[in-house]
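Working notes, structure below.
The figures here come from the full heavy-atom set of this structure, side chains too, leaving out hydrogens, waters and symmetry mates.
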Amino acid sequence: MKIIVNGAAGRMGQTLCGIIENSEKHSVAAYCSLEYQGSEDEIHFSDITAFDGEADCIIDFSSHLATKQITDYAIKRNLPLVIATTGQDEAEMSIIKEASTKIPLFYSQNMSFGVALLNCLAKIAAKALPDADIEIIEKHHNRKLDVPSGTALLLANGIKSVKEDVEYNIGRHENGKRQKNEIGIHSIRMGNEVGTHEVIFAMDSQVITLTHEAENRGLFAEGSLTAASFLVGKDAGFYNMDDILE
């Protein structure tokens, strides 16, 4: 499988490219990143739209700000697209959903299968423990832009799907008693933390904590590659980790 890597010069892009380069099944069709401006060649491009060569799929590890450009390009080339960025606003999510009516598109707020499993377990716990206080704590490196993390929102949305009356309290910062139906979401930014997510279910007599810790960024790159393999050959549609787990 030949893959266009958008955002190839970033931390995640470099990790993904390293995995592909050491793979016998996959190859990089084009390395695309704004950082290549002034040093482009036949395989390195500062603008993805400049590449018109053969490819089987696109994996985007650039920025949510590139949503319109990357989806337009994928539609024009009729290529499956894996969006591995987070932080999209409502307008950008609308662009993604619209694009998925024309091409197979994979989007997840976290590319880790471990996180997908954590999400399943959190939903089971929320349904089994209707009276528990629920808190989500996410930790990331000090350069991460979006708060809370896309994964924290994924977990909160998963819980909300089985407990509809909950409301999010993001970064609790005012005096006042905790509301029974709220999910507290807390963000910690420090050092070179790759990513840790805890979902806490607290009752009067016991506390259950579900935790996922990312040891290195390779798991996200590997997940995006698995997503690309899953996506190739699929009909147009919006796909995520749940589709792979099924």
Rounded distance [0.5 Å steps], [atom1] in [X] versus [atom2] in [Y]:
X      : Y      : atom1 : atom2 : result
Ile96  : His64  : CD1   : NE2   : 10.5 Å
Ile170 : Ile183 : CD1   : CD1   : 10.5 Å
Leu105 : Leu79  : CG    : CG    : 12.0 Å
Thr86  : Asn110 : OG1   : CG    : 9.0 Å
Ile43  : Asp41  : CD1   : CG    : 7.5 Å
Ser63  : Asp146 : OG    : CG    : 9.5 Å

Query - Step-by-step side chain to side chain contact (heavy atoms under 4.5 Å, CB included) determination, Val199 to Phe201 - result: CA-CA 7 Å; Val199 187; Phe201 298 86; 3.5 Å; yes
Counting only heavy atoms not in [X] (residues, nucleotides, ligands), do more than 12 fall under 6.0 Å from its [atom1]?
X      : atom1 : answer
Asp165 : CG    : yes
Glu21  : CD    : yes
Asp89  : CG    : yes
Lys68  : NZ    : no
Lys180 : NZ    : yes
Leu34  : CG    : no

[Y] and [X], any side-chain heavy atoms less than 4.5 Å apart:
X      : Y      : value
Met93  : Tyr107 : yes
Ile83  : Thr71  : yes
Val82  : Leu231 : yes
Gln69  : Ile48  : yes
Thr226 : Phe113 : yes
Ile59  : Asn6   : no
Leu225 : Ile3   : yes
Met241 : Met111 : yes

Whether [X] side chain and [Y] backbone form a donor-acceptor pair below 3.5 Å:
X      : Y      : value
Glu35  : Cys32  : no
Asn119 : Val115 : no
His141 : Lys144 : yes

Assess the side chains of [X] and [Y]: does a donor N or O sit below 3.5 Å from an acceptor N or O?
X      : Y      : result
Arg143 : Asn192 : yes
Glu40  : Ser46  : yes
Asn240 : Gln109 : no
Asn157 : Tyr168 : yes
Thr211 : Glu198 : no
His197 : Ser149 : yes

Tell me the closest heavy-atom pair linking [X] and [Y], and the distance in Å.
X      : Y      : answer
Gly218 : Thr15  : CA-CG2, 3.8 Å
Ala236 : Lys102 : CB-C, 3.6 Å
Lys163 : Ala132 : NZ-O, 3.8 Å
Leu219 : Ala214 : CD2-CB, 3.8 Å
Pro80  : Asp56  : CD-O, 3.2 Å
Asp243 : Phe238 : OD2-O, 4.1 Å

**Report entry** Test side chain to side chain contact (heavy atoms under 4.5 Å, CB included) applied to Glu98 and Ile95, step by step
**Finding:** CA-CA 5 Å; Glu98 174 63 24; Ile95 292 171; 5.8 Å; no
Quick one: do [X] and [Y] make a salt bridge, cutoff under 4.0 Å?
X      : Y      : value
Glu213 : Lys139 : no
Lys97  : Glu92  : no
Lys160 : Glu167 : no

**Report entry** Check against side-chain hydrogen bond (donor to acceptor under 3.5 Å, both in side chains), Glu193 and Asn142
**Finding:** CA-CA 8 Å; Glu193 168 75 37; Asn142 57 23; over 6 Å; no
Using the rule that Ile, Leu, Val, Met, Phe, Trp and Tyr join whenever any side-chain heavy atoms are under 4.5 Å apart, tell me whether [X] and [Y] fall into a single cluster.
X      : Y      : answer
Ile58  : Tyr31  : no
Ile19  : Val28  : yes
Ile20  : Met12  : yes
Val194 : Phe61  : yes
Ile188 : Leu154 : no

Report task. Under the salt bridge (charged side-chain N to carboxylate O under 4.0 Å, His left out) rule, what do Lys177 and Glu182 come out as? Steps first, then yes or no, please. Result -> CA-CA 11 Å; Lys177 182 180 176 182; Glu182 73 179 43; over 6 Å; no
Requested in this report: Show the numbers, then the answer: is there a salt bridge (charged side-chain N to carboxylate O under 4.0 Å, His left out) between Arg77 and Glu54?
Outcome: CA-CA 10 Å; Arg77 297 288 314 275; Glu54 183 180 350; over 6 Å; no
Query - Ring centres under 6.0 angstrom apart (Phe230, Tyr239) - result: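 Yes, they do, as the ring centres are separated by less than 6.0 Å.
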Query raised in the report: Ring centroid separation for His186 and His173, is it under 6.0 angstrom?
Result: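 No.
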Requested in this report: Check the pair Ser62 / Asp60 against side-chain hydrogen bond (donor to acceptor under 3.5 Å, both in side chains), numbers first and verdict last.
Outcome: CA-CA 6 Å; Ser62 60; Asp60 179 38; 2.5 Å; yes
Requested in this report: Check the pair Ile159, Ile134 against side chain to side chain contact (heavy atoms under 4.5 Å, CB included), reporting the backbone distance first and the verdict last.
Outcome: CA-CA 9 Å; Ile159 293 169; Ile134 305 174; 3.9 Å; yes
Query - Intermediate values then yes/no, side chain to side chain contact (heavy atoms under 4.5 Å, CB included), Gln14 and Leu16 - result: CA-CA 5 Å; Gln14 290 181 51; Leu16 173 61; over 6 Å; no
